[in-house]
Structure formats: structure tokens, C-alpha cells
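What you are looking at is a predicted structure, and each value in this text was computed from that prediction instead of being measured.
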Amino acid sequence: MGLDLSILYRGVLSGCNYDCGYCPFAKRVDDKATLQKDAQDLDRFVNWVKSRSGDSLRILFTPWGEALIRKYYQSALCELSHLPQIKAVSIQTNLSCSLSWAKNLNPKTASLWCTYHPDQVTLDKFLQQCQKLDMLEILYSVGCVGKHELMDDIEILRKELSDDIYVWVNAFKDNGADYYQNSHIEFLEHIDPLFRANLNNYTSLGQACRAGYQSISVDGKGDVRRCHFISDVIGNIYETQLESILKPRLCTRDICDCHIGYSNIAELDLDRHYKGNWALGRVR
């Protein structure tokens with residue numbers, strides 16, 4: 001019997017076409033050598049996935065920068081979405097790319113995790129992109145950071161999108177636990193029914209976690225970590241028999257505060273809230 005596994009993939013790409021003030025990768029431009037290395041690494045990863053014909057895989061691309069402005073990521077997503085071993089494939093994106101390629105996606109498996117940046121793109125332009133995905137019947141979610149000054153933008157975004165599109169809100173935690181008053185929380189929970197789950201910082205040390213067992217993080221070299229937030233390498237997909245390194249592990253971090261981390265905390269059982277029982281993909 002093959003593996004049933006979620007994989008978070010992050011290569012060396014870190015360039016982005018947006019310049020969000022909070023992001024260390026704002027307007028970074030990857031040089032030609034970095035892009036070539038990233039493309040080669042991604043191609044190797046896709047070929048590895050193709051070799052895992054007996055598995056059941058769910059893949060989420062979590063690039064530091066914006067990957068979908070690169071044709072090799074567009075092609076990889078399309079190719080992966082049609083493989084029989086792929087149960088779901090998704091990518092985090094600002095949705096600024098051309099979407100002409102998206103017609104080649106398999107709508108039964110592919111989805112997009114889209115972030116709306118009100119200071120980088122007009123709402124009309126962003127909604128036009130969403131409408132293109134609607135016409136192609138590609139699943140997607142949309143969200144943004146729940147900062148006080150963005151409350152009006154978030155409310156308009158929710159009203160303009162169809163009811164069946166999940167609008168998520170990432171809690172802004174940089175200003176401490178008292179940043180949100182009860183009225184803020186109630187407002188944002190009306191937008192995102194799962195906002196309170198994101199607002200929490202989970203005491204995770206010693207907690208049962210699916211990371212390293214049913215979910216792994218893979219980098220461009222093929223090195224495997226439990227998740228993005230624990231740096232210890234536990235193997236390599238190109239050098240290690242994957243089955244030999246997957247086992248239940250207790251979390252070694254004090255706090256888990258990011259969706260792609262706490263989604264793996266077993267006792268939260270967040271998968272039940274998402275399509276395909278896959279919280280990592282963030283499509284409800």
C-alpha cells in the first residue's frame with residue numbers, strides 16, 4: 001500500500017513583484033542563476049512525484065516569493081494536477097500573473113491559495129482575476145491580513161465574491177494579544193468563521209502532530225523536514241526511503257501560530273472544515 005501524504009514544497013525562489021512593507025522579499029529580483037536552479041529543482045521534484053505512482057499525495061507550494069509569474073511553476077502545477085496519484089495540488093499566490101495557462105489545470109485536483117494586497121492592486125483588478133478562475137471552475141480561496149486599516153477592504157472583498165468562496169483572515173499578531181477588541185474579533189469572525197482558530201497561538205510543545213508522519217516539508221535539494229518551522233532534516237526524498245523516516249512525532253516548538261503549522265496539530269482536527277479534508281490547502 002502506498003503512502004497517503006501531504007507535502008509542502010519550497011524552492012530557492014524568493015523574488016516577488018509586490019513590495020508589501022512587512023515582507024522581507026518585497027520587490028526582490030532573483031538572478032538568472034537562482035531562477036535556473038529553482039526550475040531544475042522543481043523539475044526534479046515533479047519527476048519524483050511522477051515516480052510515486054502508488055501513493056496518494058497532496059502538494060502545497062509555499063514559495064517565499066511569487067512563483068506563478070514563472071512559467072515553469074505554471075507548467076508544473078498543470079502537469080501535477082493531472083497525475084492519478086495527486087489528490088490535491090495548490091500554491092500560495094498574489095494572483096498577479098496571467099491566467100491563460102490555468103485552462104490546462106485539472107479542476108478536480110488543483111486549487112489556488114490567493115492573497116489580496118489592497119495596497120498593491122485595485123479590488124476591481126483582483127476580482128477580475130477571481131472571475132477568470134470562476135469561469136475555469138478552479139477552486140480557490142482569498143484572504144488578507146486582518147489589520148485595522150484593512151477592515152473596510154476585507155468587508156468589501158467578502159461582499160464582492162460569491163458566497164461559496166472562502167475568505168480567510170490572517171490575524172495580525174505583531175502588535176501583541178490586545179490588538180483586537182471583541183468587536184474586531186466578532187467582525188472578522190463574520191468574514192472568516194475560522195478566524196478565531198488563526199488568532200490563537202497554540203502551545204504545541206509535546207503535542208501530537210502529523211508533521212513528519214502524514215505531512216512533510218521538502219526543499220529544492222529534496223531535504224525533508226517535519227514542517228517549515230522545525231529546521232532538523234530527517235531525510236531526503238532522493239536519497240532516503242521515504243517510508244523509513246515517516247513516524248509519529250511530538251512537537252518540539254513551544255508555540256505554533258501559522259496555519260500551515262497548526263493545521264497538523266492532531267487534536268484540532270481542522271481538516272473537517274475544508275474541502276477534501278485538507279486544511280493545508282485552505283479551500284472550504
Side-chain angles (χ1 to χ4, degrees), residues 1-13 37-63 67-93 95 97-114 132-133 135-141 210-225 227-228 235-246 260 263-264 271 274-284:
M1 182 180 295
L3 296 175
D4 188 346
L5 186 66
S6 290
I7 301 173
L8 284 76
Y9 180 90
R10 177 178 287 162
V12 297
L13 178 141
K37 175 76 165 90
D38 191 52
Q40 291 172 344
D41 290 344
L42 180 59
D43 185 61
R44 188 184 187 194
F45 174 71
V46 170
N47 285 330
W48 175 83
V49 173
K50 289 164 68 174
S51 75
R52 305 292 303 190
S53 58
D55 293 341
S56 179
L57 303 176
R58 297 168 179 82
I59 298 173
L60 172 63
F61 291 94
T62 59
L68 284 185
I69 58 175
R70 305 298 174 187
K71 290 185 178 180
Y72 60 91
Y73 273 97
Q74 299 170 8
S75 297
L77 209 66
C78 292
E79 184 173 8
L80 288 170
S81 73
H82 289 279
L83 296 179
Q85 60 266 45
I86 293 294
K87 303 310 172 188
V89 59
S90 189
I91 189 168
Q92 296 175 333
T93 175
L95 206 59
C97 64
S98 164
L99 289 172
S100 58
W101 60 275
K103 64 181 181 296
N104 297 316
L105 288 170
N106 179 359
K108 294 181 179 179
T109 61
S111 65
L112 299 182
W113 168 334
C114 308
K132 292 175 185 177
L133 295 177
M135 288 187 290
L136 293 170
E137 299 183 334
I138 302 298
L139 291 174
Y140 65 98
S141 66
R210 293 177 300 195
Y213 175 42
Q214 296 172 319
S215 176
I216 58 173
S217 171
V218 176
D219 67 16
K221 295 181 294 185
D223 285 342
V224 178
R225 295 170 177 81
C227 71
H228 284 336
N236 184 287
I237 60 172
Y238 307 124
E239 300 171 2
T240 314
Q241 184 181 17
L242 195 54
E243 292 81 354
S244 68
I245 62 176
L246 300 178
I260 57 175
S263 293
N264 284 313
D271 283 346
Y274 291 86
K275 290 181 179 178
N277 293 317
W278 193 48
L280 282 173
R282 217 172 192 178
V283 174
R284 297 190 71 207

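Atom-to-atom distance recorded for Ile91:CD1 and Leu60:CG is 8.5 Å, nearest 0.5 angstrom. From Trp101, atom CH2 reaches atom CG of Leu77 across 5.0 Å, with rounding to the nearest 0.5 Å. Note that the CG atom of Asn264 and the CG atom of Leu8 stand 7.5 Å from one another [nearest 0.5 Å]. We find the CD1-CD1 distance between Ile7 and Ile216 to be 5.0 Å, quoted to the nearest 0.5 Å.
Put simply, the side chain of Thr109 does not reach to within 4.5 Å of the side chain of Leu80, judged on heavy atoms.
In this structure, the salt bridge (charged side-chain N to carboxylate O under 4.0 Å, His left out) partners of Lys37, at least two apart in sequence or on a different chain, are Asp41. With sequence neighbours left out, the salt bridge (charged side-chain N to carboxylate O under 4.0 Å, His left out) criterion links Arg210 to Asp271. Tyr140 meets the side-chain hydrogen bond (donor to acceptor under 3.5 Å, both in side chains) test with Asp134; sequence neighbours excluded. By the side chain to side chain contact (heavy atoms under 4.5 Å, CB included) test, Ala110 is found to be paired with Ser81, Val89, Leu105, residues two or more places apart in sequence or in another chain being considered. With sequence neighbours excluded, the residues that form a side chain to side chain contact (heavy atoms under 4.5 Å, CB included) with Tyr213 are Pro248. Under the side chain to side chain contact (heavy atoms under 4.5 Å, CB included) criterion, Ile69 pairs with Asn17, Glu66, Ser96, Cys97, not counting sequence neighbours. By the salt bridge (charged side-chain N to carboxylate O under 4.0 Å, His left out) test, Arg58 is found to be paired with Asp4, residues two or more places apart in sequence or in another chain being considered. In this structure, the ring-ring contact (aromatic ring centres under 6.0 Å, His included) partners of Tyr9, at least two apart in sequence or on a different chain, are Phe45, Phe61. When the side-chain hydrogen bond (donor to acceptor under 3.5 Å, both in side chains) test is applied to Asn106, no partner is found at least two apart in sequence or on another chain. Evaluation of the salt bridge (charged side-chain N to carboxylate O under 4.0 Å, His left out) rule for Asp43 yields no partner, not counting sequence neighbours. Taking Thr240 as the reference, Asn236, Ser244, Ile245 meet the side chain to side chain contact (heavy atoms under 4.5 Å, CB included) condition, with sequence neighbours excluded.
Counting only residues at least two apart or in different chains, salt bridge (Lys or Arg N to Asp or Glu O under 4.0 Å) contacts with residues 80-93 are absent.
For the residue pair Asn104 and His82, the shortest heavy atom distance occurs at O-NE2, 2.8 Å. Here the closest heavy-atom approach between residue Cys227 and residue Ser217 is recorded as C-CB, 3.6 Å. Among all heavy-atom pairs drawn from Ile138 and Ser111, the shortest one is CG2-CA, 4.4 Å. Summarising the geometry of Trp113 relative to Ser90, their closest heavy-atom pair is N-OG, 3.8 Å, with the distance given to 0.1 Å. The two atoms that bring Lys275 and Arg284 nearest to each other are CE-O, 2.9 Å, heavy atoms only. Residues Leu136 and Leu99 come closest through the heavy atom pair CD1-O, 4.3 Å.
A distance-only check finds a donor-acceptor pair linking the side chain of Gln74 to the backbone of Leu68 [under 3.5 Å]. The backbone N or O of Arg10 lies less than 3.5 Å from no partner atom in the side chain of Thr62, so there is not a single donor-acceptor pair. Here the side chain of Ser141 pairs a donor or acceptor atom with the backbone of Arg282 at under 3.5 angstrom.
With no hydrogens or angles considered, no side-chain donor-acceptor pair links Ser6 and Ser215 at under 3.5 Å.
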Item checked: Derivation and outcome, side chain to side chain contact (heavy atoms under 4.5 Å, CB included), residues Val218 and Trp48 -> CA-CA 12 Å; Val218 176; Trp48 175 83; over 6 Å; no
Margin query: side chain to side chain contact (heavy atoms under 4.5 Å, CB included), that's the test. Do Tyr73 and Thr93 meet it? Break it down for me.
Written below: CA-CA 11 Å; Tyr73 273 97; Thr93 175; over 6 Å; no
Next item on the list: Walk me through it: do Asp55 and Leu5 pass the test side chain to side chain contact (heavy atoms under 4.5 Å, CB included)?
Entry: CA-CA 8 Å; Asp55 293 341; Leu5 186 66; over 6 Å; no
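Exactly one residue among Leu280, Leu83, Val49 makes a side chain to side chain contact (heavy atoms under 4.5 Å, CB included) with Ile59. That residue is Val49.
A 6.0 Å sphere centred on CD of Glu137 holds no more than 12 heavy atoms belonging to other residues, nucleotides or ligands.
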